[in-house]
Engineer: 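Attaching a single structure in structure tokens format; questions to follow.
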Amino acid sequence: MSTDLLDPSTDPRQVAEAAAAVIAERTGAPRHDIALVLGSGWKPAADLLGEADAEIENTDVPAFTAAAVEGHTGTMRSIPLADGRRVLVYGTRTHFYEGRGVRSVVHAVRTAAAAGCSTIVLTNGCGGLRPEWGPGTPVLISDHLNLTAASPLEGATFVDLTDLYAPRLRELARQVDPTLDEGVYVQFRGPHYETPAEVRMARILGGDLVGMSTTLEAIAAREAGMEVLGISLVTNHAAGISPTPLDHQEVIRAGRAAAARCGDLLARIVAKI
Ligand code: 8IG
């Protein structure tokens, strides 16, 4: 079987099944329940979730690749929860801007579904459009604008995206932390950050957060029947919102500074899912 996701004759679901089989074998866990994708700034937070009893190199799993972003980890881990459920934690993601195709972008999501996960938590680091959201502010994603002009769905697959970011899971997150704001996430292709004019456009279109991930993954998760929770960590003011230029080191620093709050938040949300 071909595992080349750029080859149109490859069936991406079969590759996801093959990847899930390797994860089951290498973790010794026949199934996982919750998947967690770690975006920029979320790695230190996830370390507070619990002790992993298995860690797998991405490059050992069909069609997964090493991390392409500084501050991301090219491994996946299996964390057992106190109640017997298991969390599959992805230390990195494939971004649309890497040019590996949209099938690669959503492969981890399809693999999580094939591994048995009924819920996926998508985290990311992003730019904030609201001046009151300083670096280190976690924000729930309420909806999205997909400005990539791409879709992970192939053929005449018409999928409803109403309430894509499950109101039930957002409510549950707010029970954990009533101060959490929510907002509309806008995915640009990247890898350049936006111009100030593009940030003003995103605002006019109804956006609150700008980033380079998440929307294509959320669509694939909905197609696969998973419940989706999206949480952004505002690591910087979007271009033009703050007077200083953007810098990836600022992103990494904001992640470290917010680790305790975000880790506590993630752990308490996951326990309630
Ligand atoms: I972290 O300001 C992070 N990722 N598009 N814009 C976009 N992506 C981001 C940003 C940002 N910050």
Side-chain angles (χ1 to χ4, degrees), residues 36-46 67-74 90-100 102 105-106 108 121-150 165 180-219 230-259 261-263 265-266:
L36 171 61
V37 181
L38 299 179
S40 291
W42 285 89
K43 182 188 181 297
V69 181
E70 182 191 347
H72 286 210
T73 310
Y90 294 114
T92 190
R93 55 159 48 93
T94 298
H95 293 85
F96 190 54
Y97 60 70
E98 291 174 50
R100 298 178 196 274
V102 72
V105 172
V106 301
V121 181
L122 300 172
T123 69
N124 62 53
C126 71
L129 271 59
R130 299 215 206 144
E132 68 268 28
W133 292 341
T137 309
V139 177
L140 296 171
I141 300 176
S142 58
D143 203 346
H144 78 218
L145 294 168
N146 169 14
L147 299 190
T148 65
Y165 300 89
L180 277 175
D181 274 335
E182 59 179 39
V184 173
Y185 179 91
V186 187
Q187 181 175 358
F188 285 85
R189 181 192 179 280
H192 50 270
Y193 294 119
E194 296 70 33
T195 63
E198 287 163 344
V199 169
R200 288 194 298 276
M201 174 187 80
R203 191 81 197 116
I204 290 165
L205 294 180
D208 301 293
L209 307 157
V210 286
M212 305 178 196
S213 69
T214 305
T215 76
L216 300 169
E217 296 159 44
I219 295 167
I231 319 179
S232 287
L233 176 62
V234 175
T235 55
N236 56 276
H237 284 116
I241 302 284
S242 131
T244 51
L246 309 191
D247 160 12
H248 188 63
Q249 297 307 318
E250 179 189 353
V251 168
I252 292 172
R253 275 196 304 276
R256 283 201 200 107
R261 179 177 179 198
C262 291
L265 184 65
L266 263 186

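When a ligand or atom number is given, it counts from 1 through the structure's own listing order. Keep in mind that this is a model prediction, so the values were computed, not measured.
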Engineer: Go through the structure and list residues passing side chain to side chain contact (heavy atoms under 4.5 Å, CB included) with A218, not counting sequence neighbours.
Structural biologist: L122, L164, Y165, V228

Engineer: I need the C126 SG to W133 CH2 distance, nearest 0.5 Å.
Structural biologist: 8.0 Å

Engineer: Can you run down the salt bridge (charged side-chain N to carboxylate O under 4.0 Å, His left out) pairs that involve residues 196-211, sequence neighbours left out, and say none if there aren't any?
Structural biologist: R130-D208, R203-D208

Engineer: Rounded to the nearest 0.5 Å, how far apart are OG1 of T92 and CG of L38?
Structural biologist: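 With rounding to 0.5 Å, OG1 (T92) is 9.0 Å from CG (L38).
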
Engineer: Tell me which pairs pass ring pair (Phe, Tyr, Trp, His ring centres under 6.0 Å) where either residue lies in residues 192-211, with sequence neighbours left out.
Structural biologist: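 As it turns out, there is no ring pair (Phe, Tyr, Trp, His ring centres under 6.0 Å) pair with a partner in residues 192-211 once direct neighbours are skipped.
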
Engineer: Looking at N124, T137, T123, which hits side-chain hydrogen bond (donor to acceptor under 3.5 Å, both in side chains) with S232?
Structural biologist: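 Of all the options given, the one that passes is N124.
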
Engineer: In order of chain and number, which residues sit within 4.0 Å of ligand 1 by heavy atom?
Structural biologist: G125, C126, G127, Y193, E194, V210, G211, M212, T235, N236, L246, V251

